[in-house]
Each structure stands twice: as C-alpha cells, then as structure tokens.
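The structure under discussion appears below in the form of structure tokens.
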Amino acid sequence: MPRNTLTAEQIVRAAIELLDAEGLDGLNMRSLGSRLGSAATAVYWHVGNKDNLVRLAGDEVWQEVGLPDLDSLDWRTAATTMAAGQHAMMTRHPWLVQALAGHLLYGPQKARHDDHILAVYEKAGFVGAEADQAAATVFVFVLGSAAGASATIALTRRLNRGGGDAEEQLRDTMARAREIALTYPRLRSRLEEASAAEYNAAPDDSFAFGLEAILDGFEKRLAAQRTAAGSGDR
C-alpha cells in the first residue's frame, strides 16, 4: 500500500491485530508493513517509531470499554459494568498489561474513560482525591486479575519460540509444583479434591468475588462517612 493511501488509523488497527496475535515482542515495522502490503518506511512515516505506535494502539483499545449512562444506573451497577468492561478488554488484548508496565501510555480514549470513571465514584459520594483512590483501587484489581491470562499467553509464546513443546513443559512444571504442594496440608487437601489443572486455575468467579468485596468496602466506608457527618451536624 503506497504511503499516500496508507492512514495512521489503518496502521493502528493492523498493529492491534498483530499485537493480539504475536504480543509486544512480535510487533515490528517490517511485519506490520507486510501485513498492510506496504514498506516499513511508510509505516514509520505515519507513526514515527514503535514506542509511539504502541502508545497509539494502547489508547485505541480503551474505546472498547463502554461508558454506562449515569442518569439511568446507580453508581455500583455503573462501576461493576466498567470494571467488567476493563477486564474483558484486557483479556482480549493481553499485550496491554505488559505495555502498561513498559511504555508511557496516554491518549484521548484513555482520558475519556478515566473522566467517566471519576464521575461514577463521585456519584457514589467520594469527593476529590478519594474518587481518584476508589478508581485506582478498582483499576489495580482489574489489572492484577488480567495479568494472569496475559502472563500465560506470553509464557506459552516464549516457550514455543524456544523450539520446545509449550504444553508439555507446562504439564511438567505443574507436576513438579504439585509434588511440592502435597507436602503442605492445606494445599494437599485442595489437590485431593481437584485435578492439577483445576488447582492451578483461578476459580471462575474469582473476579466477580473480588470486585464485589471491593465495592462492599466502598459502600461501608461511604456509609461511615455519612454517619459521622450526621453526628457532627447534631
């Protein structure tokens, strides 16, 4: 594709597809140019360099997180919806977790998301810095929950690139980990009730459980603040 017909939007979309398929290590201008049917120099001309391309791609995926209508939903439903949207987006794009740790990511889509999430926690009753802290607490939880899937994908790619059988190596590792775990009573009782694969995997509802616990804590904190404010008025 000639330089004058290639657009930055096309490059970013192709970069996201390549990142989804190959991860951060698999993103390079030559591979991206080949995917677009263009020379690597044309890609550089539109986006500058790889770091800037990762920044653009990392911002673009945030538009996938929906912004719930705060006029029709209570704050807790809105917070749950946005956290679930964040988690689903990061699961679809596992490279983003790694990119957040190694790149300076910013842009209009992320800013749009962040502004709305602050509105959610302000609706809940948090004021100023506490709204920032509430949003950050949930974000860190979402990021940590998504990191497991991201790490597994990245590890599998690395093992496959090393020329070995990734699934076989993972099975061998789990078997050795199981032998060690059997020497500890609580781990042994769980292993006796589940297969190795089930034991090493997080429970299906662990994300929902953790998010609910965090939001329960927020509600308790807000209720205590309201009670203290009411006592001060008397």
Side-chain angles (χ1 to χ4, degrees), residues 15-27 50-51 53-66 79-107 109-111 113-114 116-118 120-121 132-162 164 166-167 169-174 176-178 180-181 187 190 194-218:
I16 291 171
E17 294 173 356
L18 184 57
L19 285 162
D20 289 346
E22 302 293 337
L24 278 177
D25 293 339
L27 177 65
K50 179 178 175 178
D51 283 346
L53 179 56
V54 171
R55 180 188 70 79
L56 292 169
D59 182 59
E60 182 67 16
V61 294
W62 279 98
Q63 71 170 325
E64 298 176 15
V65 181
T80 300
T81 299
M82 290 195 73
Q86 292 171 1
H87 189 264
M89 182 271 287
M90 291 182 187
T91 302
R92 285 193 299 273
H93 307 295
W95 52 270
L96 182 63
V97 176
Q98 185 181 354
L100 285 166
H103 293 263
L104 298 173
L105 302 184
Y106 63 91
Q109 299 300 338
K110 181 64 163 60
H113 167 276
D114 291 350
H116 200 79
I117 200 70
L118 286 176
V120 170
Y121 291 109
D132 298 336
Q133 291 170 334
T137 297
V138 173
F139 177 71
V140 169
F141 169 70
V142 172
L143 186 63
S145 297
S150 176
T152 299
I153 291 171
L155 175 61
T156 301
R157 284 197 185 110
R158 184 175 68 80
L159 293 175
N160 282 330
R161 286 170 182 163
E167 291 187 6
Q169 292 183 66
L170 289 172
R171 282 196 301 270
D172 290 345
T173 299
M174 286 191 291
R176 291 194 294 271
R178 179 185 176 91
I180 295 171
L187 299 181
R190 283 159 177 76
S195 68
E198 291 171 337
Y199 172 75
N200 281 278
D204 290 339
D205 61 350
S206 59
F207 175 75
F209 176 88
L211 180 60
E212 184 176 1
I214 291 171
L215 299 183
D216 284 347
F218 287 174

Under 3.5 Å, sequence neighbours excluded: what are the donor-acceptor pairs made by side chains of residues 91-98?
| residue | atom | partner | partner atom | Å |
| --- | --- | --- | --- | --- |
| Thr91 | OG1 | His87 | O | 2.8 |
| Arg92 | NE | Glu64 | OE1 | 3.1 |
| Arg92 | NH2 | Glu64 | OE1 | 2.9 |
| His93 | ND1 | Asp20 | OD1 | 2.7 |
| His93 | ND1 | Asp20 | OD2 | 3.1 |
| His93 | NE2 | Glu64 | OE1 | 3.1 |
| His93 | NE2 | Glu64 | OE2 | 2.9 |
| Trp95 | NE1 | Asp20 | OD1 | 2.7 |

Which heavy-atom pair separates [X] from [Y] by the least distance, and what is that distance?
X: Ile16; Y: Ala57; result: CG1-CB, 3.8 Å
X: Ile117; Y: Ala135; result: CG2-CB, 4.0 Å
X: Met90; Y: Ala146; result: CB-CB, 3.7 Å
X: Phe139; Y: Leu100; result: CZ-CD1, 4.2 Å
X: Phe141; Y: Ser206; result: CZ-O, 4.4 Å
X: Ala83; Y: Val138; result: CB-CG1, 3.8 Å

Next on the checklist: According to ring-ring contact (aromatic ring centres under 6.0 Å, His included), who are the partners of His113, at least two apart in sequence or on a separate chain?
Outcome noted: Trp62

Next on the checklist: Applying ring-ring contact (aromatic ring centres under 6.0 Å, His included), can you list everything that pairs with Phe218, at least two apart in sequence or on another chain?
Outcome noted: Tyr121, Phe126

Listed partners of [X] passing salt bridge (charged side-chain N to carboxylate O under 4.0 Å, His left out), at least two apart:
X: Lys50; result: none
X: Asp172; result: none
X: Asp216; result: Arg76

Checklist entry - How many angstroms lie between atom CG of Leu27 and atom CG of Leu18, to the nearest 0.5 angstrom? => result 5.5 Å

Checklist outcome for this item: So CG of Asp59 and NZ of Lys110: to nearest 0.5 Å the spacing works out to 9.0 Å

Checklist entry - Do Leu105 and Val54 come close enough that some side-chain heavy atom pair is under 4.5 Å? => result yes

Checklist entry - Can you check whether Arg55 reaches Leu104 side chain to side chain, under 4.5 Å on heavy atoms? => result no

Next on the checklist: Enumerate the salt bridge (charged side-chain N to carboxylate O under 4.0 Å, His left out) contacts for residues 94-105, please, sequence neighbours excluded, ordered by first and then second residue.
Outcome noted: none

Checklist entry - Please, which pairs that meet salt bridge (charged side-chain N to carboxylate O under 4.0 Å, His left out) have at least one residue in residues 80-91, sequence neighbours excluded? => result none

Checklist entry - In chain order, what residues pass the side-chain contact (heavy atoms from CB on, under 4.5 Å) check against Asp132, with sequence neighbours excluded? => result Leu118

Checklist outcome for this item: Those residues at least two apart in sequence (or on a different chain) that pass side-chain contact (heavy atoms from CB on, under 4.5 Å) with Thr173 are Arg176

Next on the checklist: Between Asp51 and His103, does the side-chain contact (heavy atoms from CB on, under 4.5 Å) criterion hold? Intermediate values first, please.
Outcome noted: CA-CA 7 Å; Asp51 283 346; His103 293 263; 3.3 Å; yes

Checklist outcome for this item: Applying side chain to side chain donor-acceptor pair (under 3.5 Å) to Glu60 and not counting sequence neighbours gives Gln63

Checklist entry - For Asp25, what residues pass the side chain to side chain donor-acceptor pair (under 3.5 Å) criterion, not counting sequence neighbours? => result none

